[in-house]
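Computed from a prediction, not measured in an experiment: that's the story for all the values here.
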Amino acid sequence: HIRTRITVENVIGVFIASHQHNATGLKEIALEYIIKNLHDAAIVTGLAELKSEPDLLVEIITKHSTAAAQSSPIYASSNASQLSGFNQSEWSGSRR
């Protein structure tokens with residue numbers, strides 16, 4: 001199984017190669033692995049390899065932001081006004 005062969009050391013390379021060869025299934029597997037292990041130093045260091053593929057870096061950021069928002073209690077709440085201490089009128093266009 002391909003998932004068992006992906007490591008924090010090779011996942012960025014797998015992500016780039018799968019993108020370049022239009023291997024969408026493998027690319028999605030690599031992207032999920034990156035997001036799940038984004039805190040790992042090897043992955044953070046490997047992100048420098050994406051200088052040649054900035055669209056892939058944007059894809060990681062977008063996927064990470066979406067995943068973070070979905071796991072947030074604020075996102076899960078259907079009524080954002082339930083936030084304690086939040087008064088929308090205080091935020092309506094006032095800049096100091």
Stepwise, does the side chain to side chain contact (heavy atoms under 4.5 Å, CB included) test hold for F15 with I60? CA-CA 10 Å; F15 188 53; I60 291 169; 3.8 Å; yes

Evaluate side chain to side chain contact (heavy atoms under 4.5 Å, CB included) for N10 paired with R5, printing each intermediate quantity in order. CA-CA 9 Å; N10 71 13; R5 306 269 176 148; 5.6 Å; no

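Rounded to the nearest 0.5 Å, atoms CG (L26) and NE2 (H21) are 10.5 Å apart. With rounding to the nearest 0.5 angstrom, the CD1 atom of I61 is 11.5 Å from the OG1 atom of T66.
With a 4.5 Å cut-off on side-chain heavy atoms, E59 and E53 do not count as touching. Contact of the I34 side chain with the L38 side chain is registered, since non-hydrogen atoms from C-beta on lie closer than 4.5 Å.
In terms of hydrophobic clustering, with Ile, Leu, Val, Met, Phe, Trp and Tyr side chains grouped at heavy-atom distances under 4.5 Å, V58 and L47 are assigned to different clusters. Residues L57 and L31 share a hydrophobic cluster, clusters being chains of Ile/Leu/Val/Met/Phe/Trp/Tyr side chains in contact below 4.5 Å.
The nearest pair of heavy atoms linking V11 to A30 is CG2-O, 3.6 Å. Nearest approach of E49 to I16, heavy atoms of both residues: O-CD1, 3.8 Å.
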Tabulate below the donor-acceptor pairs under 3.5 Å that side-chain atoms of residues 39-46 make, not counting sequence neighbours, or state none.
from	atom 1	to	atom 2	distance (Å)
D40	OD1	A42	N	2.8
T45	OG1	A41	O	2.9

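For I29, the side chain to side chain contact (heavy atoms under 4.5 Å, CB included) partners two or more places apart in sequence, or in a different chain, are I2, R3, I6.
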